[in-house]
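Scroll down for the structure; my scribbles are underneath it.
Quick caveat: nothing in here was measured; it's all calculated off a predicted structure. These numbers come from the heavy atoms of this one structure, side chains and all, not from hydrogens, waters or symmetry mates. Residue numbering restarts at 1 for every chain, and letters A, B, ... go by the order of the sequence lines.
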Number of protein chains: 2
Amino acid sequence: METRWAHQLRAVGLRVTRPRLSVLSVLADRPHADADTIVTGARELHPSLSPQAVYGVLKALVAQGLARRIEPAGAPALFELRVGDNHHHLVCRSCGAVADVDCAVGAAPCLVPSGTAGFVVDEAEVVFWGFCPDCQLDGQGRAPAEPRQMSEHQISEHQMSEHHISEHQIRGGAIA
Amino acid sequence: METRWAHQLRAVGLRVTRPRLSVLSVLADRPHADADTIVTGARELHPSLSPQAVYGVLKALVAQGLARRIEPAGAPALFELRVGDNHHHLVCRSCGAVADVDCAVGAAPCLVPSGTAGFVVDEAEVVFWGFCPDCQLDGQGRAPAEPRQMSEHQISEHQMSEHHISEHQIRGGAIA
DNA sequence: CGTCTTGATTTGACTGATTCAAGACAGCGG
DNA sequence: CCGCTGTCTTGAATCAGTCAAATCAAGACG
């Protein structure tokens with residue numbers, strides 16, 4: 001069978017090449033990988049792959065809507081294949097781990113700004129900052145377990161059970 | 001009178017220096033300036049000011065909570081003095097202009113993620129992407145008027161009149 | 001008012017992420 | 001199977017931001 005990725009590539013008018021299939025494969029495994037992680041991972045399938053090739057592939061995938069680029073402040077860009085459905089991200093301040101979240105409200109009232117200053121808004125992007133389960137254990141609130149090492153132990157349960165709001169510690173004023 | 005900035009600096013335990021007063025002054029004029037703009041602007045008050053000094057000053061201001069750093073994807077970091085009140089930002093895809101917005105809802109329901117994957121969330125950050133009034137005129141929807149030239153014609157009416165939601169073109173699925 | 005301590009700034013080199021450019025190469029339509 | 005065109009390779013460059021050592025000055029003290 002023709003690795004389902006091939007179909008997707010052709011569907012958007014992109015040629016099916018080894019580098020592209022390798023990158024897609026890595027992204028399927030690690031939902032929020034940075035460029036460097038992708039290069040490393042993709043080399044297992046295509047050893048001669050260069051970083052620039054990966055950047056090129058990613059740019060093409062993003063341009064065609066097969067991938068999405070997210071750029072948490074202070075960290076290198078991450079890429080994910082989950083597109084189309086709008087979802088947001090949880091980012092760990094300590095280790096940089098990223099998890100997906102679906103918005104709790106169907107039609108989000110607060111995502112329509114109160115005044116737009118004449119802007120025509122076409123997208124709202126939300127990033128939740130906090131600490132992942134691992135980093136809550138040691139350091140509790142600061143000391144990074146392994147700062148900026150977001151390669152392996154990434155969390156990404158796309159659909160998680162409903163927790164209670166009372167569990168979260170929402171900093172006063174941080175959320176309007 | 002001692003330029004009110006001096007008080008603020010001392011209040012958080014920072015020494016009052018010429019570079020710091022210059023940076024604060026520039027920030028007061030241009031609410032969303034990038035590091036480079038600040039260097040240029042601050043040099044009018046203190047010609048010998050070096051970029052590194054500005055980075056140092058900004059880091060100190062942010063650390064002490066006198067300034068806030070925002071990093072829109074794909075653009076250099078911007079700094080603003082409006083802190084404490086939580087507000088979000090409108091960013092123009094074309095020219096990079098930034099405007100402040102207050103959240104439309106007091107306690108934002110959709111800013112509490114539906115599932116947190118065990119994360120302890122302490123802040124929600126929202127960025128609205130779109131096109132500013134200037135860039136809507138020419139190009140309409142793409143062609144940048146003057147890509148990445150966000151120095152002078154920045155928009156920032158902190159408190160704007162209430163517009164109607166129907167004015168905005170919310171892309172299907174973009175807002176969950 | 002002068003001295004001293006310590007924090008702030010200067011200077012200059014450096015890193016890390018990403019992009020640009022030119023030529024070699026390979027999908028895939030014919 | 002051939003060739004056109006888009007893609008990849010290789011190598012160099014850019015850009016924002018950081019680091020470290022040496023100099024300088026704010027403000028406490030006497």
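When the side-chain contact (heavy atoms from CB on, under 4.5 Å) test is applied to B:A73, the partners found at least two apart in sequence or on another chain are A:E71, B:W129. Judged as a side-chain contact (heavy atoms from CB on, under 4.5 Å), and not counting sequence neighbours, the contacts of B:V83 are B:R68. Annotation: salt bridge (charged side-chain N to carboxylate O under 4.0 Å, His left out) contacts of B:R43 (sequence neighbours excluded): none. Every residue two or more places apart in sequence or in another chain was checked for a side-chain contact (heavy atoms from CB on, under 4.5 Å) with B:A63, and none qualifies. In terms of the salt bridge (charged side-chain N to carboxylate O under 4.0 Å, His left out) criterion, B:E44 has no residue partners (sequence neighbours excluded).
For the helix from C:dC1-D:dG30 to C:dG30-D:dC1, the terminal axes (five pairs an end, C1' atoms, rotation from four pairs onto the next four) enclose an angle of 30°, given to 10 degrees.
The side chain of A:H46 places an N or O atom within less than 4.0 Å of a non-bridging phosphate oxygen (OP1 or OP2) of D:dT9.
The base of C:dT6 lies close enough to the side chain of B:R15 for a donor and an acceptor atom to sit less than 3.5 Å apart.
Here the side chains of A:V23 and A:L61 are in contact, with some heavy-atom distance below 4.5 Å.
Residue contacts shown for A:T17 are limited to sugar-phosphate atoms, with no base heavy atom under 4.0 Å away.
Applying the side chain to side chain donor-acceptor pair (under 3.5 Å) test to every pair with at least one member in residues 48-58 of chain B, sequence neighbours left out, gives these pairs: B:H46-B:S48. Counting only residues at least two apart or in different chains, side chain to side chain donor-acceptor pair (under 3.5 Å) contacts with residues 14-27 of chain B are absent.
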Using a 4.0 Å cut-off on protein heavy atoms (strictly under), produce a 5'-to-3' string for nucleotides 15-23 of chain C with B for base contact, S for backbone-only sugar-phosphate contact, and - for none. --SBBB---
